[in-house]
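Remarks on the structure that follows.
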Protein chains: 2
Amino acid sequence: MAGAKLDDIDRKILAELQADGRMTNVELARRVGISAPPCLRRVRVLEELGYIRGYHARIDARELGFEVQVFAMVRLIAQSERDLAAFEAQVQVWPLVRECHMLNGEIDFILKCVAPDLSTFQRFLTSSLTAAPNVASVKTSLVIRASKTEPAVPFEVVEERVREAG
Amino acid sequence: MAGAKLDDIDRKILAELQADGRMTNVELARRVGISAPPCLRRVRVLEELGYIRGYHARIDARELGFEVQVFAMVRLIAQSERDLAAFEAQVQVWPLVRECHMLNGEIDFILKCVAPDLSTFQRFLTSSLTAAPNVASVKTSLVIRASKTEPAVPFEVVEERVREAG
DNA sequence: GCGGCCGCGCAAGATCATTGCGCGGGCCGA
DNA sequence: TCGGCCCGCGCAATGATCTTGCGCGGCCGC
């Protein structure tokens with residue numbers, strides 16, 4: 001299923017909507033070179049096939065008072081699928097955890113967290129995260145600044161560049 | 001500036017648009033309890049003040065053929081502001097790097113990367129990332145699965161929950 | 001009490017979304 | 001080669017939405 005039945009217009013639609021998710025359909029149609037009705041139909045198909053997972057406004061966490069961003073590298077004691085799922089379930093209910101990815105290797109999970117200030121985060125760290133069952137160790141790093149954020153370059157362009165260079 | 005002059009309606013607007021960035025303005029207005037024109041004016045203000053940084057379609061990388069996702073922890077040899085900026089500039093031109101965050105502590109940067117397959121990533125790792133000037137070491141971890149992704153809970157709700165619990 | 005200011009809601013014209021429909025090109029079998 | 005089928009485009013029309021100007025009412029300071 002992966003990338004099989006997409007033509008150039010589809011890829012361009014994805015790239016444009018990745019760059020500006022609130023673009024009107026007529027503007028989108030103009031940019032990809034077809035008229036509005038088939039363009040809208042293509043977007044609907046891309047949504048239904050799962051290429052487009054949703055549309056979201058990017059909110060500036062710092063403007064909202066979340067001055068602190070932290071990456072937390074978590075190691076568990078036991079890593080059976082049951083243990084992993086239990087930790088994932090726990091992560092869902094922690095509002096300060098914005099993202100969680102399960103990794104291979106030494107680190108089992110990496111968590112992207114936010115907090116209004118350092119003391120709030122440290123309270124979460126000591127009383128929630130490290131105190132959670134099955135957590136062996138947590139290493140944290142404060143984010144100084146974001147150097148690059150998605151959507152950096154549309155995936156369409158990534159494909160091209162990878163083909164060219166490597 | 002942080003979070004000062006936002007009322008409840010503003011926060012609700014942010015939460016709704018974070019959840020669905022393509023919601024029509026009339027639907028948004030209905031949900032936050034005001035009529036469409038002032039709602040649109042508020043959205044414009046939130047955009048101009050930087051609370052809303054943009055709208056983006058979330059594209060499924062795996063569906064597009066990017067089967068591999070990797071976190072790379074990078075340590076540099078020298079960490080002067082000039083050295084840091086030089087590495088950040090280099091990161092911008094690598095299409096496989098989707099995100100880059102500068103951290104404090106041992107690790108200087110964490111990179112979120114994608115690749116069509118493992119060999120493509122390893123080629124990038126050896127011939128680009130570790131070969132870049134000033135890079136001391138790179139530790140990589142494959143992403144097994146995403147357990148939680150933004151926008152998890154709208155920031156509005158995070159604020160409430162932090163105030164309640166901790 | 002009173003004037004000024006701010007933000008809301010109403011109304012109208014422009015723009016956009018969405019559907020049905022006809023047309024043309026590509027493909028396959030006769 | 002030639003029909004017939006199928007798919008996707010573009011046109012057209014209707015309804016919804018966007019966008020602006022404007023008047024009203026509440027709130028604050030004088």
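Both backbone and side-chain heavy atoms feed into the values below; hydrogens, waters and symmetry mates do not.
- Residues passing the side-chain hydrogen bond (donor to acceptor under 3.5 Å, both in side chains) test with B/S119 are B/D117, sequence neighbours excluded.
- With sequence neighbours excluded, the residues satisfying ring pair (Phe, Tyr, Trp, His ring centres under 6.0 Å) with B/H101 are A/F71.
- Every residue meeting the side-chain hydrogen bond (donor to acceptor under 3.5 Å, both in side chains) condition with A/D60, not counting sequence neighbours, appears here in chain and number order: B/R53.
- The distance from atom CD1 of A/I13 to atom P of D/dG8 is 13 Å, rounded to the nearest whole Å.
- Per the geometry, OH belonging to A/Y55 stands 11 Å off P belonging to C/dA17, to the nearest Å.
- If one axis is set at each end of the helix from C/dG1-D/dC30 to C/dA30-D/dT1 from five pairs, those axes are 30° apart, to 10°.
- Contacts classified as salt bridge (charged side-chain N to carboxylate O under 4.0 Å, His left out) and involving residues 70-87 of chain A (residues at least two apart or in different chains) are given here: A/E81-B/R145.
- For the salt bridge (charged side-chain N to carboxylate O under 4.0 Å, His left out) condition, the pairs that include at least one residue of residues 13-26 of chain A, sequence neighbours left out, are A/E16-A/R31.
- Taking atom CZ of A/R42 as the reference point, atom C1' of C/dA17 lies 18 Å away to the nearest angstrom.
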Contact letters for nucleotides 21-29 of chain D, in which S counts primed atoms plus P, OP1 and OP2 and B counts the base, heavy atoms under 4.0 Å: B--------

Pull out every protein N or O sitting under 3.5 Å from an N or O of nucleotides 16-18 of chain D, one pair per line with the distance.
residue : atom : partner : partner atom : Å
D/dC18  : OP1  : B/N25   : N            : 2.6
D/dC18  : OP2  : B/N25   : N            : 3.2
D/dC18  : OP2  : B/V26   : N            : 3.0

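- Take A/S35 and apply the side-chain contact (heavy atoms from CB on, under 4.5 Å) test, not counting sequence neighbours, and it matches A/P37, A/P38.
- Ring to ring, A/Y55 and B/Y55 are not that close: their centroids are 6.0 angstrom or more apart.
- The side-chain contact (heavy atoms from CB on, under 4.5 Å) test applied to B/L118 returns B/V68, B/Q122, B/L142, not counting sequence neighbours.
- For B/V45, the side-chain contact (heavy atoms from CB on, under 4.5 Å) partners at least two apart in sequence or on another chain are B/L49.
- Scored by the side-chain contact (heavy atoms from CB on, under 4.5 Å) test, A/R42 finds A/D7, A/I9, A/D10, A/I13, A/I34 as partners (sequence neighbours excluded).
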